[in-house]
> 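Sharing a structure here in C-alpha cells format.
Numbered from 1 within each chain, the chains take letters A, B, ... in sequence-line order.
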Amino acid sequence: MPELPEVETVRRGLEKLILGKKIASLEIRYPKMIKTDLDQFQKELPGQVVKSMGRRGKYLLFYLTDKVLISHLRMEGKYFYYPDQVPERKHAHVLIHFEDGGTLVYEDVRKFGTMELLAPELLEAYFLSKKLGPEPTEQDFDLEIFRGALKKSKKPIKSHLLDQTLVAGLGNIYVNEVLWRAKVHPASPSQSLTRAEATAIHEQTIEVLGQAVEKGGSTIRTYTNAFGEDGTMQDFHQVYDKTGEACSCCGAIIEKIQLGGRGTHFCPKCQRRK
DNA sequence: GAGGGAACCTGTTTGC
DNA sequence: TGCAAACAGGTTCCCT
C-alpha cells in the first residue's frame, strides 16, 4: 500500500493518538515480521514511553525512551488504535497494549510488513546500509547529485526511481504520476535523460509527494490512515490505474505496460519513448 | 557490479 | 456459476 505520503499521514495520526503513552505489554501473533531478535523485542518494549513519531522515506519511526521501533508497512500494513475494547481481527499481527488501557494494533493482510528494534545511535547506519536516498524536499534532494547518479545508470528511469537510492519515498503510484507530469517515458534509460528531463523529474517528485501529503495520501484498494479515514490524493491521479482513459493533457489513450514486473501507466503521446 | 525476475503472503479481480 | 490464473501500492535475494 503505502508510499511516503501515506506513511507520513499514518505518522501524523499516531502522533495525535499515542504520544506520551507507556507500553505495558505486547502480543506478537506473527513473529516472522520481527526482524531483530524476538526475545529482546518482547523484553525491551514494555516500560518504554512513546516520546515522538518520526519517518524516513517509507519507514515509520517510533522514538521510545531509549530505543527506536522501525516499522515498515510494505504493501498493506496499517495501524489502528483502540482506547479500550479491541475487536478480534483476522489480520492483527502485533498488539501493543499501553498502561492507560489503549491498544495499538498492527494489521497486515499480506504479512509483508516488518518491525525492528534498534538503539537510536544505530539508526543512521541502518539507513546507510539500505542505501536510502534523500527525502524529497528542496533542502535534502540535490539536483546535481541526482543528475550525476542518472548518468551512471542504464536502468529504466521508472525502476531506478522505485529503488529508493535516488530519492526516498516514491512507490508505484506516485512514480507513474511524476513521470507523466515530467513527460518522460518510464522505460527511458536513466543515462539517456536530458538535463531538462532530469530537472523536471526532480521538481515533480517534490511537488507530487508534497501535494499527496497535503491530501492525506491516496486511498486505493485498502489504505486508510490511523483513524480509518480515506485520503483524497487518488482524485488527482492522472495516469495511475487510468488504462484506456483519455490523457487529461493531450487526449491520447493511457496505456499500461509491465516494467520490472510491475504495472506501469503512461501516455504514449505525452511520454514519448526514446 | 548492474540489472531482471522471483519470492515473500493473502485477497480480489479477471478470464475461460 | 465455478474455478484457476493473474494481479495488487514494497523490498530483498538470487541468478545471469
> Could you list all the ring-ring contact (aromatic ring centres under 6.0 Å, His included) pairs where at least one residue sits in residues 23-53 of chain A, not counting sequence neighbours?
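The answer is Tyr30(A)-His93(A).
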
> Side-chain atoms of residues 174-181 of chain A: list all donor-acceptor pairs with protein atoms under 3.5 Å, sequence neighbours left out, distances to 0.1 Å.
unit_1    : atom_1 : unit_2    : atom_2 : d
Tyr174(A) : OH     : Glu6(A)   : OE2    : 2.7
Tyr174(A) : OH     : Ser218(A) : N      : 3.3
Tyr174(A) : OH     : Ser218(A) : OG     : 2.7
Asn176(A) : OD1    : His265(A) : N      : 2.7
Asn176(A) : ND2    : Asn172(A) : O      : 2.4
Glu177(A) : OE1    : Gln238(A) : N      : 2.7
Glu177(A) : OE2    : Gln238(A) : N      : 3.2
Glu177(A) : OE2    : Val239(A) : N      : 3.1
Glu177(A) : OE2    : Tyr240(A) : N      : 2.8
Arg181(A) : NH2    : Gln211(A) : OE1    : 2.7

> Just how far, in rounded Å, is C1' of dG11(B) from CD of Glu76(A)?
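Nearest whole value for this atom pair: 8 Å.
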
> List for me each residue that meets side chain to side chain contact (heavy atoms under 4.5 Å, CB included) alongside Glu203(A), sequence neighbours excluded, and say none if there are none.
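With neighbours one apart ignored, the set is empty.
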
> Suppose the criterion is ring-ring contact (aromatic ring centres under 6.0 Å, His included): which pairs have a residue in residues 133-165 of chain A, not counting sequence neighbours?
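Counting only pairs at least two positions apart or across chains, the ring-ring contact (aromatic ring centres under 6.0 Å, His included) contacts touching residues 133-165 of chain A are Phe141(A)-Phe146(A), Phe141(A)-His202(A).
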
> Taking the basic N atoms (NZ, or NE/NH1/NH2) and the acidic carboxylate oxygens, is any pair closer than 4.0 Å for Lys21(A) and Asp100(A)?
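Judged by the 4.0 Å cut-off on N to carboxylate O distance, Lys21(A) and Asp100(A) do form a salt bridge.
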
> Would Phe112(A) pass as stacked on dT11(C), i.e. its ring centre under 5.5 Å from the base's six-membered ring centre and planes under 30° apart?
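A stacking contact does not exist, since Phe112(A) is not both close and nearly parallel to the base ring of dT11(C).
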
> Choosing from dA8(C), dG11(B), dT11(C), which nucleotide comes nearest the side chain of His91(A)?
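Out of dA8(C), dG11(B), dT11(C), the nucleotide with an atom closest to His91(A)'s side chain is dG11(B).
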
> Mind checking side chain to side chain contact (heavy atoms under 4.5 Å, CB included) for Ala168(A) and listing every partner two or more places apart, or none if nothing turns up?
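For Ala168(A) the side chain to side chain contact (heavy atoms under 4.5 Å, CB included) partners, ignoring immediate neighbours, are Arg56(A), Leu132(A), Glu135(A), Gln164(A).
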
> Could you tell me the separation between the CG atom of Asp241(A) and the P atom of dC7(C), rounded to a whole number of Å?
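The distance from CG of Asp241(A) to P of dC7(C) comes to 14 Å, rounded to the nearest Å.
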
> Show each protein N/O and nucleotides 12-16 of chain C N/O combination with a separation under 3.5 Å, one pair to a line.
unit_1  : atom_1 : unit_2    : atom_2 : d
dT12(C) : OP1    : Lys130(A) : NZ     : 2.9

> If we take the P atom in both dA5(C) and dA7(B), what is their distance in whole Å?
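Taking atom P in both dA5(C) and dA7(B), they lie 15 Å apart.
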
> Looking at every strand, decide which applies to Ser153(A) at a 4.0 Å heavy-atom threshold: base, sugar-phosphate, or nothing.
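Result for Ser153(A) = sugar-phosphate.
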
> Quick check: do Arg29(A) and Leu95(A) have side-chain heavy atoms less than 4.5 Å from each other?
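SC-SC contact between Arg29(A) and Leu95(A) confirmed.
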
> Measure the distance from CG on Leu161(A) to P on dT11(C) and round it to the nearest whole Å.
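From Leu161(A) CG to dT11(C) P: 13 Å.
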
> Take the protein atom NE2 of His160(A) and the nucleotide atom P of dG4(B), then report the distance between them rounded to whole Å.
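That distance rounds to 11 Å.
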
> From the set dG3(B), dT10(B), dT11(C), return the single nucleotide nearest to any side-chain atom of Arg110(A).
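Comparing dG3(B), dT10(B), dT11(C) against the side chain of Arg110(A), the answer is dT10(B).
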
> Expressed as a whole number of angstroms, how long is the span from Gln258(A):CD to dG5(B):P?
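The distance from CD of Gln258(A) to P of dG5(B) comes to 10 Å, rounded to the nearest Å.
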
> Looking at every strand, decide which applies to Lys152(A) at a 4.0 Å heavy-atom threshold: base, sugar-phosphate, or nothing.
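Here Lys152(A) touches no strand at all.
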
> Using heavy-atom distances to pick each residue's nearest nucleotide on DNA chain B, tell me which of Pro156(A) and Arg262(A) is more 5'.
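Comparing both residues, the 5'-ward one is Pro156(A).
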
> With a cut-off of 3.5 Å and sequence neighbours excluded, list every side-chain donor-acceptor pair involving residues 112-123 of chain A.
unit_1    : atom_1 : unit_2    : atom_2 : d
Glu116(A) : OE1    : Tyr126(A) : OH     : 2.5

> Residues in side chain to side chain contact (heavy atoms under 4.5 Å, CB included) with Leu38(A), at least two apart?
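Side chain to side chain contact (heavy atoms under 4.5 Å, CB included) check on Leu38(A) returns Ile28(A), Pro31(A), Ile34(A), Gln42(A).
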
> Pairing of DNA chain B as dot-bracket, 5' to 3': ( ) intra-strand, [ ] crossing, | other strand, . unpaired, with Watson-Crick or G-U pairs under 3.5 Å?
.|||||||.|||||||

> To the nearest angstrom, how far is Glu116(A) atom CD from dT11(C) atom P?
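These atoms are roughly 13 Å apart.
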
> Just how far, in rounded Å, is P of dA2(B) from CG of Leu150(A)?
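For the pair Leu150(A) CG and dA2(B) P, the rounded distance is 14 Å.
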
> How many whole angstroms separate atom CD of Gln191(A) from atom P of dA2(B)?
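Value for this atom pair: 12 Å.
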
> Consider the side chain of Lys111(A), meaning its heavy atoms from C-beta on, and name the nucleotide among dG3(B), dT10(B), dG10(C) that approaches it most closely.
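Looking only at heavy atoms from C-beta outward on Lys111(A), the closest nucleotide is dT10(B).
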
> Test of understanding: with side chain to side chain contact (heavy atoms under 4.5 Å, CB included), list the residues that count as partners of Glu255(A), not counting sequence neighbours.
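For Glu255(A) the side chain to side chain contact (heavy atoms under 4.5 Å, CB included) partners, ignoring immediate neighbours, are Phe266(A), Pro268(A).
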
> Sorted by first residue and then second, give each salt bridge (charged side-chain N to carboxylate O under 4.0 Å, His left out) pair with at least one member in residues 146-164 of chain A; sequence neighbours left out.
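Matches after skipping sequence neighbours: Glu144(A)-Arg147(A), Lys155(A)-Asp163(A).
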
> Pick base, sugar-phosphate or nothing for Lys35(A), based on heavy-atom distances below 4.0 Å to the nucleic acid.
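No contact at all - Lys35(A) keeps every heavy atom at 4.0 Å or more from the nucleic acid.
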
> Kindly point out which of dG11(B), dG3(B), dG10(C) is positioned nearest to the side chain of Lys58(A)?
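Taking heavy atoms from C-beta onward, the closest nucleotide is dG10(C).
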
> Among residues 162-172 of chain A, which residues get a heavy atom nearer than 4.0 Å to DNA chain B?
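Hits under 4.0 Å, by residue number: none.
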
> Once you measure the plane-to-plane angle for Tyr81(A) and Phe98(A), does it fall in the parallel (<30°), tilted (30-60°) or perpendicular (>60°) bin?
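If you compare the ring of Tyr81(A) with that of Phe98(A), the planes turn out tilted.
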
> For the salt bridge (Lys or Arg N to Asp or Glu O under 4.0 Å) test, which of Lys58(A), Arg55(A), Lys215(A) pairs with Glu8(A)?
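For Glu8(A), the salt bridge (Lys or Arg N to Asp or Glu O under 4.0 Å) test succeeds with only one of Lys58(A), Arg55(A), Lys215(A), which is Arg55(A).
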
